[in-house]
Amino acid sequence: MPFPKQVRLVEVSPRDGLQNEPSPIATATKLELIDRLAAAGITYIEAASFVSPKWVPQMADHREVMTGLTRRPGVTYTALTPNLKGLEAALECGVEEVAVFGAASEAFSQKNINCSVAESLARFEPVLERAKQAKVRVRGYVSCVLGCPYEGEIAPAKVADVSKALYEMGCYEVSLGDTIGVGTPLAAKRMVETVSRDIPMGKLAAHFHDTYGQALANLYAVLEEGISVIDSSVAGLGGCPYAKGASGNVASEDVVYLLNGLGIETGIDLNKLADTGTWITQAIGRPNRSKVSVALAAK
Ligand SMILES: CC(C)(COP(=O)([O-])OP(=O)([O-])OC[C@H]1O[C@@H](n2cnc3c(N)ncnc32)[C@H](O)[C@@H]1OP(=O)([O-])[O-])[C@@H](O)C(=O)NCCC(=O)NCCSC(=O)C[C@@](C)(O)CC(=O)[O-]
């Protein structure tokens with residue numbers, strides 16, 4: 001299949017990128033990050049997470065983040081909502097889109113959201129219904145699509161089952177998460193090919209972590225399959241608190257550089273994005289894991 005002409009980047013750094021940070025990050029820093037990302041041309045930003053502050057303390061300021069945003073036209077600001085409680089709180093903050101998050105692994109589902117995969121799907125149904133009433137779109141995540149920190153290998157058929165359930169429930173897009181970044185290109189290709197038997201390719205997104213340095217190769221493989229939505233995180237920030245060994249998401253700057261080289265449009269200003277990566281890593285005292293950002297800064 002030819003590469004897509006355009007790719008939409010879903011920037012997850014304010015949520016996935018920061019959620020695992022042990023020291024509190026000021027709300028003002030999060031807001032500045034979100035605004036700098038939008039100024040660089042990112043049109044879809046996952047800004048916060050309406051989860052329990054006991055589980056993920058770094059996301060405890062979700063209300064302040066969602067209500068403190070400077071909303072730029074053409075940019076969607078979204079948040080994770082694992083249950084009705086989270087959705088109601090997000091709606092109060094005027095959120096226009098949310099995401100539910102499930103897993104293809106039973107053990108990960110228990111560790112991450114304290115319920116089985118079947119229970120999670122039952123929990124998401126009223127979230128989807130309420131969101132529909134409120135005219136709020138819902139994205140679905142599936143974690144551990146290429147491996148689980150507790151169960152090891154995950155069958156593509158299991159990924160397809162959970163993805164199909166989310167899609168049929170009303171999620172407009174399903175994001176396939178290699179939570180611990182263990183995937184390799186052939187496995188990524190086969191997984192996407194299996195899931196796309198039930199869900200149109202245009203409704204799938206790739207959410208790859210770079211723990212084993214394979215994320216860009218895996219993205220290239222699934223772009224060839226027709227994937228046209230990619231989740232990424234500036235400076236490669238990221239990691240899930242409930243996935244031991246999970247490191248950062250693929251760096252947005254590296255993805256944009258790859259896509260530019262392939263002649264695929266994103267509408268993103270790479271230099272501004274790289275500056276944002278340099279700024280946030282300095283602000284929170286983390287190494288910049290984007291090779292492109294580091295290379296551009298050294299020029
Ligand atoms: C899902 C729950 C809440 C279930 O947690 P639970 O303990 O089973 O829930 P509960 O309904 O029994 O409630 C327990 C307490 O949590 C509160 N509570 C209940 N719901 C909420 C809420 N929405 N917001 C705020 N508070 C909430 C509730 O009010 C109560 O408070 P208490 O009475 O003890 O004071 C919990 O397990 C949780 O918050 N987990 C967080 C998981 C998480 O955020 N993980 C990281 C994101 S997922 C990810 O990173 C993967 C992804 C998406 O990036 C893709 C990939 O890479 O694979």
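Side chains included, hydrogens not; waters and symmetry mates left out as well; all remaining heavy atoms used. Heads up: numbering here begins at 1 and tracks the sequence.
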- Message: Nearest 0.5 Å, please: how far is OG in S105 from NZ in K111?
- Response: 10.0 Å
- Ignoring hydrogens and angles, state whether a donor on the side chain of S196 or E225 is under 3.5 Å from an acceptor on the partner side chain. no
- Item | Shortest non-hydrogen separation from A48 to M66 and the atoms involved | CB-SD, 4.0 Å
- Message: Looking at E64 and K30, is there a salt bridge between them, counting it only when a charged N and a carboxylate O are closer than 4.0 Å?
- Response: no
- Query: If you measure from the Lys or Arg side-chain nitrogens to the Asp or Glu carboxylate oxygens, is any gap between R72 and D35 under 4.0 Å?
  - Reply: yes
- Gap between atom CG of L237 and atom CD1 of I280 - 0.5 Å precision: 6.5 Å
- Will you find, in the side chains of S233 and D16, an N or O donor that is under 3.5 Å from an N or O acceptor? no
- Donor-acceptor side-chain pairing of H207 and D178 below 3.5 angstrom: no
- Query: Just by modelled atom types, is the L186 backbone N or O under 3.5 Å from a matching donor or acceptor in the T184 side chain?
  - Reply: no
- Answer yes when R8 and E173 have at least one side-chain N-carboxylate O distance shorter than 4.0 Å, and no when they do not. yes
- Side chains of L216 and V255 in contact at under 4.5 Å (non-hydrogen atoms): yes
- For R190, enumerate each residue passing the salt bridge (charged side-chain N to carboxylate O under 4.0 Å, His left out) test, keeping only those at least two apart in sequence or located in another chain. none
- Task: Taking the side chain as every heavy atom from C-beta outward, state whether N112 and F101 have any atom pair closer than 4.5 Å.
- Result: yes
- Looking at K135 and E96, does any basic side-chain N land under 4.0 Å from a carboxylate oxygen? no
- Parallel, tilted or perpendicular, as decided by the 30° and 60° cut-offs, for the rings of F50 and H62: parallel
- Item | E32/R36 under salt bridge (Lys or Arg N to Asp or Glu O under 4.0 Å): CA gap, chis, key distance, verdict | CA-CA 6 Å; E32 184 169 347; R36 282 177 182 251; 2.9 Å; yes
- Any donor-acceptor pair under 3.5 Å linking the side chain of E224 with the backbone of F3? no
Between side-chain atoms of residues 153-172 and protein atoms elsewhere (two or more places apart, or another chain), which donor-acceptor pairs fall under 3.5 Å?
from: S163; atom 1: OG; to: V159; atom 2: O; distance (Å): 2.7
from: Y172; atom 1: OH; to: Y44; atom 2: OH; distance (Å): 3.4
from: Y172; atom 1: OH; to: E97; atom 2: OE2; distance (Å): 2.3

- Message: Tell me if a side-chain donor or acceptor on E151 pairs with a main-chain N or O of E106 at a distance below 3.5 Å.
- Response: yes
- For E129, enumerate each residue passing the salt bridge (charged side-chain N to carboxylate O under 4.0 Å, His left out) test, keeping only those at least two apart in sequence or located in another chain. none
- Approximate separation, where rounding is to 0.5 Å, of I264 CD1 and L258 CG: 7.0 Å
